[in-house]
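Note sheet for the following structure.
Note on naming: letters A, B, ... go to the chains in the order of the sequence lines (proteins, then strands), and numbering restarts at 1 for each one.
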There are 2 protein chains.
Amino acid sequence: MARLPVYLRALHALQDRGVATVSSEELASAAGVNSAKLRKDLSHLGSYGTRGVGYEVEYLVYQISRELGLTQDWVVAIIGVGNLGRALAGYGGFASRGFRVAGLLDADEQIVGQEISGLTVRHIDRLEDVIGEHGVSIAVIATPAAAAQGVCDRVVAAGVTSVLNFAPVVLTVPEWVDVRKVDLSIELQILAFHEQRKAGGPDGAPRLDATPAALGGAPPEPVQYVEAAE
Amino acid sequence: MARLPVYLRALHALQDRGVATVSSEELASAAGVNSAKLRKDLSHLGSYGTRGVGYEVEYLVYQISRELGLTQDWVVAIIGVGNLGRALAGYGGFASRGFRVAGLLDADEQIVGQEISGLTVRHIDRLEDVIGEHGVSIAVIATPAAAAQGVCDRVVAAGVTSVLNFAPVVLTVPEWVDVRKVDLSIELQILAFHEQRKAGGPDGAPRLDATPAALGGAPPEPVQYVEAAE
DNA sequence: GCGACTTTGTGCGTGTATTCACAAAGGCTT
DNA sequence: AAGCCTTTGTGAATACACGCACAAAGTCGC
């Protein structure tokens, strides 16, 4: 399930606070989900709780990590070292969960050779070498949209079977390859949609879940929706 | 629906290629979804297709933009100008869809005053001023985890009703505030989970959904996750 | 050792999402 | 103008996710 990482994070937070045992109610609250759902999720991996007491934090951390495959190292390459690629390279949340960034690649000669977060950026021409040398199994694509599919084809040909795509395109891959997409502007668009709903829909329909709170909101200016390539 | 932004992107790509009309089958394929689902989604906003022909791209773009609230400007503030905040500030996908970044804020004196993507970073102490002056309605939180809840409380108190959270914590907000979370490491963990499944579960159990044969492609070699020695 | 209390694990009803399949509707050709 | 062909829009069947509520199971106090 896609919620396990969230539980895992909450459990780590509890561990840091020295909590040894936790009930489904508490953990669900910390993770922001329903307690029955949490119990059902956990029971799907086996019975790791003690009735009347709860779950032992450390044991649960281990079981979830094991289920997610975090008890082994995953070797990652980041392709595209722009602003986003740099942010990803320096993101501490990777290393602490068993993800090791083994390569940074870019097509820009200005960037190739730079040292970022302890790694030297290599030229995209060496993509296959880097993947082979380090046994990369997960590729992170942070290139411009136009380059993404080409890069994707190459990493797949080189043996990568999981791709995390930050470029705003739908990637086409063979069936045995998994792709997950993170799209920053889509998230904002979804927020805008809900924001608009709060203020009354586009057709002026009365808002269904109006809040009593006073909104010091922005007077929305009439606008054109200009489109630009990315 | 959360899929509308994906359709919108696909439509924009078609527009750039000069395509005037598109069938549900083509658009669904470009967006990576089932065509019946796409038609049902679109019919939910009204009947904008022509039977026997398809949908007029430009008209559909307008209707979806309108539904999503992209025909008006949304004013955004980015709090936390680390690597990620910088990447977000420079991300072209925002401006092109009606999102205007009106403020960059950080607590680090070293960063305050820097000019990034045409904006001067201001001190977090001025958060309420910036929100009020520009009529910010969406806040993007790109701070360290420890600071996120505090910042969130402040932006909410200042009148913001939508929050896009990049910090790895579950934010607590009043019921009238929408929060969306983007978690980079969670995406990688989900990939690792599937990757592990392909190779046989954590207990070595045979994979249940193994693909018997790959049509028109090289079958994946039996994968091993060797610890890469350097 | 026993009973009361707490908490898990899950059966079940409900609502929602997804997909199939087809009739209705429009264009296009002759 | 009439019939054929394409594609939409949607009824119906299916699958899935969610959450309530409760019995089973274990702990803790006495």
task = Of all the heavy-atom pairs spanning Ala31(B) and Val170(A), show the shortest one and how long it is.
result = O-CG2, 4.1 Å
Whole angstrom is fine here: how far is it from [atom1] in [X] over to [atom2] in [N]?
X: Leu38(A); N: dG9(C); atom1: CG; atom2: P; answer: 10 Å
X: Leu27(A); N: dT6(C); atom1: CG; atom2: P; answer: 20 Å
X: Tyr48(A); N: dG26(D); atom1: OH; atom2: P; answer: 17 Å

message = Does the protein touch nucleotides 24-30 of chain C at the base, only the backbone, or not at all? Give it as B, S and - per nucleotide, heavy atoms under 4.0 Å.
response = BBSS---
request  = Could you run through nucleotides 14-22 of chain D and give me one letter per nucleotide, 5' to 3': B if any protein heavy atom sits under 4.0 Å from the base, S if only the sugar-phosphate is that close, - if neither?
outcome  = ----SBBB-
If you compare every side-chain N and O of [X] against the phosphate oxygens of [N] (OP1, OP2), does one of them come in below 4.0 Å?
X: Ser24(B); N: dT8(D); value: yes
X: Ser43(B); N: dT10(D); value: yes
X: Tyr55(A); N: dG9(C); value: yes

key: Pair Thr71(B)-Arg66(B), side chain to side chain donor-acceptor pair (under 3.5 Å): steps then yes or no   = CA-CA 6 Å; Thr71(B) 51; Arg66(B) 181 165 158 280; over 6 Å; no
message = Test of understanding: with side chain to side chain donor-acceptor pair (under 3.5 Å), list the residues that count as partners of Asp41(B), not counting sequence neighbours.
response = Arg3(B), Tyr7(B)
query = For residues 140-149 of chain A, which residue pairs qualify under side-chain hydrogen bond (donor to acceptor under 3.5 Å, both in side chains), counting only residues two or more places apart or in two chains?
reply = Gln149(A)-Asp153(A)
Sort me out a list of protein N/O and nucleotides 14-16 of chain C N/O pairs below 3.5 Å, or just none if empty.
none

ask   = Who are the side chain to side chain contact (heavy atoms under 4.5 Å, CB included) partners of Ala30(A), not counting sequence neighbours?
value = Ala10(A)
ask   = Listed by chain and number, what are the ring pair (Phe, Tyr, Trp, His ring centres under 6.0 Å) partners of Phe193(A), not counting sequence neighbours?
value = none
Filter on salt bridge (Lys or Arg N to Asp or Glu O under 4.0 Å), then keep only pairs touching [range], sequence neighbours left out; what's left?
range: residues 154-167 of chain A; value: Glu128(A)-Arg154(A)
range: residues 20-30 of chain A; value: none
range: residues 139-152 of chain A; value: none

ask   = Excluding sequence neighbours, so at least two apart, what forms salt bridge (Lys or Arg N to Asp or Glu O under 4.0 Å) with Arg97(A)?
value = none
key: Residue pairs, two or more places apart or on separate chains, that pass ring-ring contact (aromatic ring centres under 6.0 Å, His included) and touch residues 31-54 of chain B   = Tyr48(B)-Tyr59(B)
